[in-house]
Protein chains: 2
Amino acid sequence: MNAIFKALSDPTRRKILEMLTERDLKAGDIADNFSITKASISHHLSILKEAELIQSERQGQAIVYSLNTTVFQETLRWFYDFMNKGSDSNDEK
Amino acid sequence: MNAIFKALSDPTRRKILEMLTERDLKAGDIADNFSITKASISHHLSILKEAELIQSERQGQAIVYSLNTTVFQETLRWFYDFMNKGSDSNDEK
DNA sequence: AATATATTTAGACATATGTCTAAATAAAGG
DNA sequence: CCTTTATTTAGACATATGTCTAAATATATT
């Protein structure tokens, strides 16, 4: 869970994730929506990928990024379990 | 949302929140569960409070902390909305 | 008032993080 | 091959973050 929350703690990365909820995007298309360099965006993408919040696939010269909805569901679940605590179970890491 | 995610990005703070799901706790009781100093825990508590994930109330010498479940629900909602965002965008005509 | 207990605040310090520029890698098209 | 396009990697740098010790504040007790 730590990599996930670290990844979510930056506004640029959350914005990237939001963009990816709409459609899959090439790295360059993502970068075009920000005022920071492509290199910095690439770095953010690597952090999101490390956290498995996104995945990538090469398509010709471009690399296309997409959301990993599974990990989002796991995180949603974390919150849900969290709020239903106090009665039972203790399984955080 | 930024303060909330920043606050959640640290494992010590998530552990504190977990403890508070069980019962309200004095600052000292919280600190007893960690190997870092009380001053450091106090700093973590101030970050959680700044994000409004917790609230505090003085009781005699002690200060008792408790979860602010409202903000948790808002965050759960953020995730939920997030995941339902792109659900219809692929059917565009 | 003086002392003890609980907690926070201030200041310092090392490490982590986000950003940049420049260089490297990968694929496509002459 | 050589050049262009797309993206990442490497290295540097300033700021943010988590931690500590020491001092300050607030309350309770004697």
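All figures in this text were calculated on a predicted structure; none of them were measured in a lab. In the text below, chain A, chain B and the rest are named by the order of the sequence lines, each starting its count at 1.
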Could you walk me through whether A:R14 and A:D10 pass the salt bridge (Lys or Arg N to Asp or Glu O under 4.0 Å) check? CA-CA 6 Å; A:R14 289 198 302 277; A:D10 180 82; over 6 Å; no
Would A:K15 and A:F34 count as a cation-pi pair here, with the cationic atom under 6.0 angstrom from the ring centre and within 45° of the axis? yes
Tell me if the aromatic rings of A:F79 and B:F79 count as close, with their centers under 6.0 Å from one another. yes
Report, as a single string ordered 5' to 3', how protein heavy atoms within less than 4.0 Å touch nucleotides 6-18 of chain D: B base, S sugar-phosphate only, - not at all. SSBB-------SS
Between A:Q59 and A:T37, which is nearer to the 5' end of DNA chain C once each is assigned its nearest nucleotide? A:T37
If you look at every heavy atom in B:D24 and B:S66, which pair is closest and at what distance? OD1-CB, 3.3 Å
Is the ring centre of A:F5 less than 6.0 Å from the ring centre of A:W78? yes
